Amino acid sequence: MADPPEISFAAIFACSAFAACFAEFCTIPLDTAKVRLQLQKRVPLGDSESTPKYKGLLGTIATIAKEEGLFALWKGIVPGLHRQCLYGGLRIGLYGPVKAFLVGSSYTADVSLFTKILAALLTGAVAIAVANPTDLVKIRLQAEGKLAVGALSRYSGALDAYRAIVKQEGVAALWTGLGPNIARNAIINAAELASYDHIKETILAIPGFTDNILTHILAGLGAGFFAVCIGSPIDVVKSRMMGDSVYKSTIDCFFRTLKSEQGIFAFYKGFFPNFGRLGSWNVIMFLILEQVKRLFS
């Protein structure tokens with residue numbers, strides 16, 4: 001992940017935003033399935049309708065496509081692209097400069113894993129603080145399932161969602177869930193960027209491996225796995241707070257989820273679709289990023 005000095009911040013921001021948007025478009029059906037699974041509440045045993053509507057990644061995708069149409073899997077793509085332009089560009093674009101700032105300009109040895117993690121935590125927090133409104137609108141659109149006959153959708157599109165939220169809930173509502181979102185994205189950004197950076201360096205130290213597509217794929221898969229393992233509990237809380245306004249705070253959402261559902265396992269609901277999404281997202285994003293960066297170096 002070390003960027004050649006001749007690549008400017010503007011160039012790495014543009015490369016990162018493009019790579020993140022491309023990965024987002026390719027994998028958003030998996031993200032939509034993940035959000036639906038995370039928002040699905042557990043029905044008490046003995047209820048005649050106790051069978052959950054969504055079952056597994058492929059089952060959720062099939063149900064959405066059958067009931068709402070294939071294009072429903074791309075619900076939230078517009079704010080998703082808005083998000084990646086801001087969040088993806090900033091978190092990756094700032095990672096190199098922040099890492100260099102932390103170690104100092106005169107530092108010549110290998111950067112420690114701790115420094116990589118700290119740099120990624122900082123850039124992830126700053127980036128999502130800017131991009132939180134886009135994340136909120138994306139989840140609101142993805143959370144809408146099949147509407148009853150005659151029922152109207154809450155929002156006609158991304159821009160209408162931004163306007164409606166500001167009008168009905170106030171400007172501050174665009175930053176609903178900012179606490180868990182900063183925690184989630186700072187942690188996942190650290191897991192993704194620091195692990196990709198470190199795994200790539202480790203792989204390149206193995207005889208026979210070079211800085212090629214195979215190395216990028218392996219490092220990207222590793223980054224996705226660490227991100228899901230570490231970030232899933234926060235991701236569930238974030239999705240529920242943004243998708244449902246019944247929770248008073250992050251703590252309230254955490255304990256209500258813990259108490260009313262399957263305990264700690266509720267926070268890993270949608271784990272496999274989340275890994276399928278983040279694993280493939282990281283592979284695609286880092287592959288594209290590495291190739292596009294070479295055009296500027």
Side-chain angles (χ1 to χ4, degrees), residues 23-80 83 135-155 157-158 161 176-177 180-181 184 188 224-225 227-229 231-247 253-254 256-282:
E24 185 76 6
F25 182 82
C26 292
T27 62
I28 199 168
L30 299 173
D31 191 50
T32 300
K34 178 208 75 172
V35 169
R36 294 287 181 89
L37 285 168
Q38 288 178 333
L39 293 179
Q40 181 169 254
K41 304 293 193 302
R42 186 182 68 128
V43 180
L45 293 175
D47 194 301
S48 59
E49 298 179 355
S50 59
T51 302
K53 180 178 182 179
Y54 301 118
K55 296 181 179 179
L57 175 61
L58 296 180
T60 302
I61 290 174
T63 300
I64 294 170
K66 181 180 179 181
E67 293 186 352
E68 305 168 44
L70 188 63
F71 290 110
L73 292 166
W74 274 266
K75 273 186 177 179
I77 185 60
V78 173
R83 177 187 187 274
D135 219 8
L136 176 73
V137 169
K138 175 188 170 187
I139 287 178
R140 291 276 182 97
L141 291 175
Q142 287 178 318
E144 285 194 335
K146 183 181 180 182
L147 299 172
V149 177
L152 297 176
S153 175
R154 274 201 300 177
Y155 312 114
T176 297
N181 214 13
R184 182 254 186 194
I188 288 183
F225 179 75
V228 177
C229 288
S232 274
I234 301 170
D235 194 40
V236 170
V237 171
K238 182 211 74 168
S239 290
R240 294 203 169 180
M241 284 197 68
M242 289 184 166
D244 196 336
S245 58
V246 302
Y247 301 109
C253 180
F254 178 86
R256 285 175 66 175
T257 301
L258 186 68
K259 182 179 179 181
S260 64
E261 302 191 33
Q262 304 98 328
I264 196 68
F265 294 105
F267 297 107
Y268 285 90
K269 182 175 285 187
F271 178 87
F272 289 107
N274 204 6
F275 174 64
R277 188 265 203 269
L278 268 182
S280 57
W281 192 96
N282 275 277

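Positions are given from 1 along the sequence. Keep in mind the model is a prediction, meaning the values are calculated, not measured.
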Point-to-point distance, once rounded to the nearest 0.5 Å, from [atom1] of [X] to [atom2] of [Y]:
| X | Y | atom1 | atom2 | answer |
| --- | --- | --- | --- | --- |
| I64 | Y54 | CD1 | OH | 5.0 Å |
| L278 | N282 | CG | CG | 6.0 Å |
| E24 | D31 | CD | CG | 6.0 Å |

Minimum heavy-atom separation for [X] and [Y], please, with both atom names.
| X | Y | answer |
| --- | --- | --- |
| G276 | L30 | O-CD1, 3.6 Å |
| T32 | A72 | CG2-O, 4.2 Å |
| L141 | P79 | CD1-CG, 3.9 Å |
| I28 | K138 | CD1-CE, 4.4 Å |
| V78 | A158 | CG1-CB, 3.8 Å |
| L73 | A65 | CD1-CB, 4.4 Å |

Non-hydrogen side-chain atoms of V228 and Y268 separated by less than 4.5 Å
no
Option among V237, T176, D135 that satisfies the side-chain contact (heavy atoms from CB on, under 4.5 Å) test with N181
D135
Once side-chain hydrogen bond (donor to acceptor under 3.5 Å, both in side chains) is applied, do any residues pair with S280, and if so which ones, sequence neighbours excluded?
none
Residue set satisfying side chain to side chain contact (heavy atoms under 4.5 Å, CB included) with A62, at least two apart, ordered chain then number -> none
Please list, chain by chain and in numerical order, all residues satisfying side chain to side chain contact (heavy atoms under 4.5 Å, CB included) with A23, sequence neighbours excluded.
W281, I284, M285
Do other residues, nucleotides or ligands put more than 12 heavy atoms under 6.0 Å from Y155 OH?
yes
State plainly whether the residues E68 and R36 are in salt-bridge range, i.e. N to O under 4.0 Å.
yes
Hey, can you tell me if F25 and W74 have their rings parallel, tilted or perpendicular (30° and 60° cut-offs)?
tilted
